[in-house]
2 protein chains.
Amino acid sequence: MGTVERKEREKESRKESIIDAAQKVFFEKGLLTATMDDIAEHAELAKGTLYLYYRSKEDLYLAVMMRGLVLLRGMFEEVIAQHYSTVRTLAELTNTFVRFFEHHRNYFRMFHFFNTPQFHKQVSEEMMTACDRCNESLWSLATGVLERGRAEGRIRTELRPIEIVIVLWTSASSLMMRIDSQGELFRQKLTVDLEHTLRVSNILLLESVMTDAGKKELSELQS
Amino acid sequence: MGTVERKEREKESRKESIIDAAQKVFFEKGLLTATMDDIAEHAELAKGTLYLYYRSKEDLYLAVMMRGLVLLRGMFEEVIAQHYSTVRTLAELTNTFVRFFEHHRNYFRMFHFFNTPQFHKQVSEEMMTACDRCNESLWSLATGVLERGRAEGRIRTELRPIEIVIVLWTSASSLMMRIDSQGELFRQKLTVDLEHTLRVSNILLLESVMTDAGKKELSELQS
DNA sequence: TGTAGTTTATGACCAACGGTCATTTCATTG
DNA sequence: CAATGAAATGACCGTTGGTCATAAACTACA
């Protein structure tokens with residue numbers, strides 16, 4: 001009598017196929033322009049059915065965004081699995097984040113709304129904590145590396161590892177967000193290449209949290 | 001026959017009083033929750049009248065936001081007028097930005113939407129360029145200081161002054177934005193004091209764009 | 001296989017809201 | 001005091017997120 005289990009599986013796969021549809025629509029139109037009717041049509045379901053599986057449009061949006069977080073975490077894990085030196089690992093993690101931005105921009109864009117104040121109110125408690133957990137597990141990969149670097153005397157101690165992650169992540173994200181939305185404007189009106197700004201800024205930030213030993217190793221890596 | 005001039009003045013003051021009403025409502029409810037009916041009521045006008053003066057809700061929002069930009073620019077100008085040394089001026093500008101965040105948080109919050117991709121589409125061309133100009137004039141205050149610092153050999157040359165401004169501004173803003181929306185969460189769940197993170201991160205960033213001479217002067221200022 | 005009972009799906013419907021426009025009100029002018 | 005033009009109004013519209021009474025599909029058991 002595996003009926004219950006089968007139902008469970010079916011429910012799960014239905015949820016997934018709804019996310020598939022939502023992803024297509026959100027990627028194409030963004031949060032504000034996408035409509036639930038639109039998603040329902042892509043999912044070949046009635047609108048009401050969507051609400052049996054997700055509490056709100058925003059919940060659905062976050063469900064898609066979490067796929068991006070999981071993807072990025074996988075990329076981070078791959079880097080760490082290479083067992084580079086601490087300093088090199090940090091540099092590679094930074095580059096990986098930039099690569100994620102370049103290759104999976106649709107997912108990256110979704111991260112922005114997670115920081116929008118008004119956005120949170122539309123989201124269910126469960127989905128919010130699920131996202132928080134996912135985000136935390138991502139950051140903890142980096143804090144792990146930083147702790148090792150601290151023990152090795154490569155990382156300065158003014159900031160805790162978690163604080164360093166926050167600074168690096170926040171600063172890189174917001175610069176990439178700006179590239180995404182205003183990159184062309186900056187290039188044309190101010191002749192600024194924000195991609196260049198991003199690369200240099202990442203290096204400067206990394207340097208700024210490293211001891212002299214760390215800086216030395218980092219600069220050797222650049223060449 | 002100053003009729004035309006008087007009409008012009010009246011129109012201007014009507015626009016201002018609409019912004020007054022909009023400001024009250026936006027401060028209280030934010031962009032998404034605030035409604036045009038709400039603003040109309042506060043302005044003691046019919047909703048249709050608002051649209052005689054502003055093209056859209058978003059235009060109105062930006063009109064309020066620009067007050068914040070102007071206010072901040074004034075604060076920056078005051079700092080510069082003190083004629084501190086270049087390094088000290090930069091440090092003071094950074095602190096001023098943080099102070100603006102602390103004392104005028106309602107304005108600061110509005111800055112966020114300016115970077116939201118979907119947001120731009122609802123905004124009229126004129127309002128957009130007006131904001132751009134305002135923002136530019138703000139940033140150019142800082143680039144001016146940085147250029148002087150460069151000439152004095154206090155500022156590194158890997159990044160152009162405008163790029164440095166972008167990095168400092170973007171990174172500080174996004175950290176403050178996070179403090180605003182998730183500060184308590186971080187304090188409770190990760191025991192992280194993001195205000196502390198912000199202060200240190202600002203110093204690290206400043207250091208990272210300075211030459212040794214600049215760094216020396218900066219560290220003397222801290223004590 | 002038939003039927004009672006339960007789960008899942010549906011789409012007409014609702015309320016809220018941004019924005020419009022025909023109509024009215026007000027001010028200016030000669 | 002009309003005549004003319006500008007400014008203000010609010011009923012109205014289309015869109016959209018979300019709901020819920022009803023229907024369809026599926027399960028379980030006799």
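The shown structure was predicted, so the numbers you read here are calculated from the model rather than taken from an experiment. In what follows, every chain begins at residue 1, and chains take the letters A, B, ... in the order their sequences are listed.
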Can [X] and [Y] be counted as an ion pair, charged N to O under 4.0 angstrom?
X: Glu126(B); Y: Arg55(B); value: yes
X: Arg88(A); Y: Glu92(A); value: yes
X: Glu147(A); Y: Arg150(A); value: no
X: Arg67(A); Y: Asp20(A); value: yes
X: Arg9(B); Y: Glu12(B); value: no

Atom [atom1] of [X] and atom [atom2] of [N]: how far apart are they, to the nearest Å?
X: Met36(B); N: dG18(C); atom1: CE; atom2: C1'; value: 8 Å
X: Glu41(B); N: dG10(D); atom1: CD; atom2: C1'; value: 14 Å
X: Glu10(B); N: dA7(D); atom1: CD; atom2: P; value: 10 Å
X: Tyr51(B); N: dC12(D); atom1: OH; atom2: P; value: 19 Å
X: Tyr54(A); N: dT19(D); atom1: OH; atom2: P; value: 17 Å
X: Arg55(A); N: dG17(D); atom1: CZ; atom2: C1'; value: 16 Å
X: Leu32(B); N: dG17(D); atom1: CG; atom2: C1'; value: 13 Å
X: Glu58(B); N: dG19(C); atom1: CD; atom2: C1'; value: 11 Å

Touch class at under 4.0 angstrom, heavy-atom based, for Ala40(A) against every strand present: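 No contact at all - Ala40(A) keeps every heavy atom at 4.0 Å or more from the nucleic acid.
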
Sugar-phosphate only, base, or nothing, as touched by Ala43(B) at under 4.0 Å among non-hydrogen atoms: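 Nothing, no nucleic acid heavy atom in range.
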
Pull out every protein N or O sitting under 3.5 Å from an N or O of nucleotides 7-11 of chain C, one pair per line with the distance.
{"from": "dA9(C)", "atom 1": "OP1", "to": "Arg14(A)", "atom 2": "NH1", "distance (Å)": "2.4"}
{"from": "dA9(C)", "atom 1": "OP2", "to": "Tyr53(A)", "atom 2": "OH", "distance (Å)": "2.6"}
{"from": "dT10(C)", "atom 1": "OP2", "to": "Ala46(A)", "atom 2": "N", "distance (Å)": "2.9"}
{"from": "dT10(C)", "atom 1": "OP2", "to": "Thr49(A)", "atom 2": "OG1", "distance (Å)": "2.8"}

Nearest-0.5 Å distance that lies between atom NE2 in His120(A) and atom CE in Met127(A):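 Here the interatomic distance stands at 13.5 Å.
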
Asp38(B): which of Lys24(B), Lys57(B), Lys29(B) passes salt bridge (Lys or Arg N to Asp or Glu O under 4.0 Å):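 Considering Lys24(B), Lys57(B), Lys29(B), a salt bridge (Lys or Arg N to Asp or Glu O under 4.0 Å) with Asp38(B) is found only for Lys29(B).
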
Protein-nucleotides 13-15 of chain D N/O pairs closer than 3.5 Å?
none

Donor-acceptor contact below 3.5 Å, side chain Ser174(A) vs main chain Ser171(A):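 Yes.
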
Atom CD of Glu41(A) with >12 non-hydrogen neighbours under 6.0 angstrom: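 Atom CD in Glu41(A) is not packed in, count stays at 12 or less.
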
